[in-house]
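The analysis underlying the following values was restricted to heavy atoms, covering all of them including side chains, and did not include hydrogens, waters or symmetry mates. Atoms within a ligand are numbered from 1 in the order they appear, just like the ligands themselves. Residue numbers count from 1 along this sequence.
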Amino acid sequence: MQKMVKQLLAWYQENQRKLPWRQDKNPYHVWVSEIMLQQTRVEAVKAYYKRFFESLPDISSLAAVEDDILMKLWQGLGYYNRARNLKKAAQTIIEEYQGKFPDSYEEILKLSGIGAYTAGAIASISFGIRVPAVDGNVYRIYTRLTECGEDISKTGVQKNVREKVAELVPAENPGDFNQALMDLGAEICLPNGEPHCMECPVREFCMAEKNGTVLKYPYKSPKKERRLEEKTVFIFEYEGKYLLQKRAEKGLLAGLWEFPAEEGCLTVEEVLEKVKAFCGEVEELELLGKAKHIFSHIEWRMIGYMVRLKKVRPEILADFTFATKEELREKYSIPNAYAAYLKQVI
Ligand code: SF4
């Protein structure tokens, strides 16, 4: 095993990816990059990463940022709770650690939104602490190396793998070891399709490669089907502005701005009826077409209508927000789920 770790580290020295967040070991930078990378591809994260630090160069600016500005910086990355937790954790660091990032694995793990993987990445990369950073990439590599056929979606199995990987982390350069596994998972031991076993630095230790069983791993029990939800989305336009409402502070897409919607896919007649009852006189109704958005457990199937209003009830003007095209682009964070309709407006 020692030999395998050595080979992996040597490969990493030669082949590591040049990434913006690897230019230094500042824990703030490592932390934000890891959170962004949780659900987003490396190439897509690069632009967000740059923009984020231009606006929020240090932990105190993140702790004090207005929610709408933070959401705007995060728009397009999805899973907005990640951004909310970043801010919450930054406030904890200011209040409880005098603005200095905590430097023990256990303290890092206590911060909002930071799980074992992220705490391991920050602790090992920024502070040289000997802990693993085990995510889906590492589960995949480990189960292939050892031909572990247990269901990797089970927490007990994951815990076992984490413990085994923890034993492999070297005392010297633990951060390099964890980053080597990240790079191996991203470039060589790829999911689904064909991993590049011929280029793999740990090939000689890999049971699955030896036995031709690579694509059997990692094993996961079949997922539950997603729940389908049908929606009719209304883009109300009045005097060059568009009606927005804020989602509830809890649940899916909590606290973000959205176009109003009704359950079900409504016909033109049904839409006209709803609109009349809701807000005012319609000048023009335009069908914007169908769109869908897939969340982890839910799939939205949508139909959209542009509703140009001639007159609007005063209570609607008072109760809702009307945004210009520029504000839709610059100010309000509209979830990606509405991207197909937002694109037709701005
Ligand atoms: S030999 Fe192939 S399957 Fe085994 S760890 Fe390397 S890339 Fe993954």
Side-chain angles (χ1 to χ4, degrees), residues 1-19 21-22 30 33-34 37-46 115-125 129-223:
M1 282 295 165
Q2 293 267 324
K3 195 177 164 205
M4 183 178 82
V5 172
K6 238 174 146 184
Q7 281 180 209
L8 180 66
L9 286 169
W11 171 82
Y12 178 69
Q13 288 312 323
E14 289 291 311
N15 298 283
Q16 60 185 274
R17 292 173 293 170
K18 306 275 177 279
L19 301 169
W21 44 92
R22 285 187 178 165
V30 175
S33 69
E34 286 299 340
L37 286 164
Q38 277 171 13
Q39 314 282 350
T40 315
R41 287 176 308 105
V42 166
E43 281 313 309
V45 164
K46 286 179 181 170
Y117 166 79
T118 309
I122 301 168
S124 63
I125 297 168
I129 298 170
R130 190 177 168 238
V131 282
V134 180
D135 66 351
N137 282 325
V138 181
Y139 292 134
R140 183 170 65 254
I141 296 166
Y142 181 86
T143 53
R144 286 173 175 176
L145 278 169
T146 60
E147 281 196 307
C148 166
E150 291 180 84
D151 182 353
I152 201 65
S153 53
K154 295 212 163 117
T155 44
V157 177
Q158 293 179 354
K159 186 169 170 273
N160 282 344
V161 173
R162 276 203 304 276
E163 285 168 5
K164 298 279 183 211
V165 176
E167 291 168 16
L168 298 176
V169 182
E172 254 184 54
N173 300 326
D176 281 1
F177 172 81
N178 287 328
Q179 290 179 101
L181 284 177
M182 292 174 196
D183 285 12
L184 190 71
E187 310 256 282
I188 306 283
C189 195
L190 300 174
N192 308 322
E194 294 287 313
H196 306 312
C197 296
M198 298 309 281
E199 296 160 39
C200 178
V202 294
R203 182 170 168 237
E204 67 183 273
F205 306 94
C206 184
M207 299 290 293
E209 217 280 312
K210 209 169 279 170
N211 297 325
T213 58
V214 169
L215 295 182
K216 283 193 183 167
Y217 304 100
Y219 171 71
K220 280 183 202 158
S221 54
K223 274 189 185 168

Inset, instruction - Could you walk me through whether L9 and F177 pass the side-chain contact (heavy atoms from CB on, under 4.5 Å) test, one step at a time? - result: CA-CA 6 Å; L9 286 169; F177 172 81; 4.2 Å; yes
Inset, instruction - Please list, chain by chain and in numerical order, all residues satisfying ring pair (Phe, Tyr, Trp, His ring centres under 6.0 Å) with W11, sequence neighbours excluded. - result: none
Inset, instruction - Work out how many protein N, O or S atoms lie closer to atom 4 (Fe) of ligand 1 than 2.8 Å. - result: 1
Legend entry - Those residues that, when tested against K3, pass salt bridge (charged side-chain N to carboxylate O under 4.0 Å, His left out) (two or more places apart): E204
Which pairs would a plain distance check flag for residues 163-176, meaning a side-chain donor or acceptor within less than 3.5 Å of a matching protein atom at least two apart in sequence or in another chain?
residue	atom	partner	partner atom	Å
E163	OE2	K159	NZ	3.3
D176	OD2	Q13	NE2	3.2

Inset, instruction - Tell me yes or no: between the side chains of Y117 and E34, is some donor less than 3.5 Å from an acceptor? - result: yes
Inset, instruction - State whether the side chain of N15 and the backbone N or O of L184 hold a donor-acceptor pair below 3.5 Å, judged by distance alone. - result: no
